[in-house]
Amino acid sequence: MLFKTLSAAVYGINAHLIDVEVDYGGAASDKEIFHTVGLPDAAVRESRDRVRSAIKNSGYLLPSSILTINLAPADLKKEGSGFDLPIAIGILGAYGSLRVHDLSQFLFIGELGLDGSLRPISGVLPIAILAREKGIANLLLPSANAAEAAVVEGVSVYPVSSLSDVLDLLNSSVVGHIQREPFRIDSRKLLGELEHFAVDFSDVRGQQTAKRALEVAAAGSHNLLMIGPPGSGKTMLAKRLPSILAPLTFEEALETTKIHSVAGVLDNAQGLVTQRPFRSPHHTISDAGLIGGGVMPRPGEVSLAHNGLLFLDELPEFPRNVLEVMRQPLEDHTVTIARASMSLSFPARFMLIGSMNPCPCGYFNSKSRECSCTPPMIQRYVAKISGPLLDRIDIHVEVPAVQYKELRGGAATENSAQIRARVMTARERQRQRFAKTKDKIYANAQMNTRQIRANCELNADAERLLERAMLQQGLTARAHDRILKVARTIADLEGAEHLEVPHLAEAIQYRTLDRSYWS
């Protein structure tokens, strides 16, 4: 007897529908013969042992038989343990243990324990989106994954805890309609809940120039590099940057959650990423860990930071080949990983925040301590950050050592809530500006050349200032565009409709440090 169930496999951040076909070929001579075809990996081939024990420990007897299980389409590689549940349901259906014979409106996913219990898997959100796109009404999955799947509207999500629970649910259904109420969650209400941050900008003493640069970066989603001696507060400032960022829109939250779900780092209890990611990998990370990779490619840190922050502390300590692979994601906001069997793309629209010392000892140009580094040592150190990578960073800001009077002074002038209010006002202006664009643009940093020309017009005085800066500093065409983007953000923070000389002057000021250290 042939019995069919539906499941799904995740490739990149998208899911593909998989037909699970189980053929019961009659009784075997001594023991059951279990064949799995359709390019299964080791975890899928091992499912026969898990499924066999789960069925028996759920109270069902398996006669000795010849079973052939096909995972179609056969030319796509199948990996992971999520096919355990649909295979088990297919086997029981082939043996006649199910009252319902048409499961075309049910999609099954989940790993089985030997006792028949269901364990959570990764990549559930893309599978729920696939079910909605394919018009499959019901999604049965482990209870721990229910909150994640219920974010997708238009699909009835049924959390189940064991194989017996699945069978009871199916056998009690009437003409494909399950009698139990599906699991529901108000995802937009969850996203709108008040965000709480353990850190605040009121903790930072002094560093007014750096705070202003971080505010501009947050308002326009600009990349930023901080240069300063040890202990000046670079890491402290970076860790407080999420507290002034605009909250995620629902579309951004859904994109981010898909990536975290596929990577297996999503909090199952939460179900939806409600705060912008903050990723801070150690400088020993490999290029594959940063960009993504593997036999079946998985997202790296630049994709896990999608719609959020990627903070690289002690930037020159990262291997140069690791830093150089970020050039393309910084420009295109996507990562493409090509393998012999497939080519997958992951979104990577993130803010890069870097910090570094000005020299190996850290005290070059410091007023408090003497630098022990020679000029060749300093040049070798800063040369670890290549010109092309530096050119892709919009804002360069110096973070000097904090003076004693500032450190022991009174309370900070502003907290994160006050700064964030200005940032959100600027972001709202940008949202209205780009509302009619075909591309999904959320911030000034994402403007292309045509949009820069349309939204960053200069008067005669500003034109002369920009021309003089380009000639004197030897800026590239890319730097020209990034200066205009930053100037547009500064104008948005002030509520100005047109770019003026002060806006442009501040943006140019943020491009001068690379000429001081890298010249």
Side-chain angles (χ1 to χ4, degrees), residues 195-219 221-245 275-285 289-290 301-302 304-305 308-319 322-323 326 330 350-369 371 373 381-382 384-385 389-390 393-404 406-409 411-416 419-420 423 510 513-514 517:
E195 295 177 304
H196 298 281
F197 298 96
V199 294
D200 195 276
F201 266 92
S202 60
D203 303 328
V204 182
R205 298 292 186 268
Q207 304 297 7
Q208 296 305 317
T209 301
K211 287 181 181 178
R212 169 63 176 178
L214 287 169
E215 180 181 340
V216 173
S221 192
H222 300 289
N223 302 321
L224 180 143
L225 175 64
M226 293 180 284
I227 307 175
S232 59
K234 301 183 296 296
T235 304
M236 187 179 188
L237 286 163
K239 288 183 176 179
R240 281 153 180 76
L241 186 54
S243 66
I244 65 171
L245 293 176
Q275 294 186 2
R276 293 191 181 273
F278 180 85
R279 306 294 299 184
S280 180
H282 193 259
H283 61 257
T284 56
I285 191 172
L290 187 65
E301 290 292 331
V302 297
L304 292 173
L309 297 173
L310 178 66
F311 176 47
L312 301 184
D313 201 4
E314 304 297 342
L315 200 61
E317 301 301 326
F318 285 79
V322 173
L323 295 177
M326 285 198 302
L330 285 171
F350 60 92
M351 281 178 61
L352 174 64
I353 307 298
S355 71
M356 62 177 288
N357 297 327
C359 65
C361 78
Y363 296 101
F364 177 66
N365 279 345
S366 174
K367 297 178 181 179
S368 59
R369 292 180 61 174
C371 176
C373 304
Y381 184 76
V382 299
K384 293 179 180 179
I385 315 300
L389 178 61
L390 193 67
I393 300 178
D394 306 0
I395 299 174
H396 312 150
V397 62
E398 192 163 17
V399 185
V402 183
Q403 299 301 312
Y404 179 81
E406 292 179 321
L407 189 62
R408 299 297 297 170
T413 55
E414 287 186 313
N415 57 30
S416 292
I419 302 173
R420 193 185 198 197
V423 169
Y510 293 136
L513 277 182
D514 57 334
Y517 291 96

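Because only heavy atoms are used, hydrogens play no part in the values below, and waters and symmetry mates are left out as well, while side chains stay in. Numbers for residues simply follow the sequence, beginning at 1.
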For this session: Determine yes or no for a side-chain-to-main-chain donor-acceptor pair under 3.5 angstrom, with S355 supplying the side chain and D313 the backbone.
Result: no

For this session: Please name the pair of heavy atoms, one in C371 and one in Y363, separated by the smallest distance, quoted to 0.1 Å.
Result: CB-O, 3.5 Å

Exercise. What is the distance from atom CD1 of I244 to atom NZ of K211, rounded to the nearest 0.5 Å?
Worked result: 10.5 Å

Exercise. Does the side chain of I227 come within less than 4.5 Å of V382's, by heavy atoms?
Worked result: no

For this session: Flag the pair F197 / Q275 as yes when at least one side-chain heavy-atom distance between them is below 4.5 Å, and no otherwise.
Result: yes

Exercise. Any side-chain heavy atom of L330 within less than 4.5 Å of one from L389?
Worked result: yes

Exercise. Between L224 and M351, does a side-chain contact (heavy atoms from CB on, under 4.5 Å) hold up when you go through it step by step?
Worked result: CA-CA 8 Å; L224 180 143; M351 281 178 61; over 6 Å; no

For this session: Could you tell me whether a side-chain N or O of E398 sits under 3.5 Å from a main-chain N or O of T209, the two making a donor and an acceptor?
Result: no

For this session: Check for a donor-acceptor pair, side chain of R420 on one end and backbone N or O of L245 on the other, with a separation under 3.5 Å.
Result: yes

For this session: Given side-chain contact (heavy atoms from CB on, under 4.5 Å), test K239 with F278 step by step and report yes or no.
Result: CA-CA 8 Å; K239 288 183 176 179; F278 180 85; 4.2 Å; yes

Exercise. To the nearest 0.5 Å, what is the distance between CG (L315) and CD1 (I385)?
Worked result: 3.5 Å

Seminar exercise, completed: Rounded to the nearest 0.5 Å, the CD atom of E317 sits from the CG atom of L312 at a distance of 12.5 Å

Exercise. At their closest point, which heavy atom of L225 faces which heavy atom of I393, and how far apart are they?
Worked result: N-CG2, 3.7 Å

Problem set entry | Euclidean distance, L290 CG relative to F318 CZ, rounded to 0.5 Å | 7.5 Å

Seminar exercise, completed: Taken in chain and number order and not counting sequence neighbours, the residues that satisfy salt bridge (Lys or Arg N to Asp or Glu O under 4.0 Å) with R212 are E506

For this session: List the steps, then state whether side-chain contact (heavy atoms from CB on, under 4.5 Å) holds for Q207 with S232.
Result: CA-CA 9 Å; Q207 304 297 7; S232 59; 4.2 Å; yes

Seminar exercise, completed: Of all heavy-atom pairs linking P316 and K384, the shortest is O-CD, 3.1 Å

Exercise. Between K234 and G228, is there a donor-acceptor pair closer than 3.5 Å when you use the side chain of the first and the backbone of the second?
Worked result: yes

Exercise. What are the two closest non-hydrogen atoms of A238 and P242, and how far apart are they?
Worked result: O-CD, 3.5 Å

Exercise. Is C373 close to F364 at the side-chain level, that is, under 4.5 Å between some pair of heavy atoms?
Worked result: no

For this session: Search all heavy atoms of M356 against all heavy atoms of Y381 and return the closest pair with its distance.
Result: CE-CE2, 4.4 Å

For this session: Mark yes or no for whether N415, through its side chain, and S202, through its backbone, hold a donor-acceptor pair below 3.5 Å.
Result: no

Problem set entry | Minimum side-chain heavy-atom gap Y510-D394 below 4.5 Å | no

Problem set entry | Flag side-chain contact, heavy atom, 4.5 Å: F201 against L214 | yes

Exercise. Would a 4.5 Å heavy-atom cut-off, applied to side chains only, mark P230 and N357 as touching?
Worked result: yes

Exercise. How long is the span from the CZ atom in R205 to the CD atom in Q403, to the nearest 0.5 Å?
Worked result: 15.5 Å

Problem set entry | R240 side chain vs D200 backbone, donor-acceptor pair below 3.5 Å | yes

Exercise. Taking atom CD of Q208 and atom CD of E215, what is their separation to the nearest 0.5 Å?
Worked result: 10.5 Å

Problem set entry | Any side-chain heavy-atom pair of L390 and H396 under 4.5 Å | yes

Problem set entry | Among V322, L304, V302, L310, side chain to side chain contact (heavy atoms under 4.5 Å, CB included) partner for P281 | L310

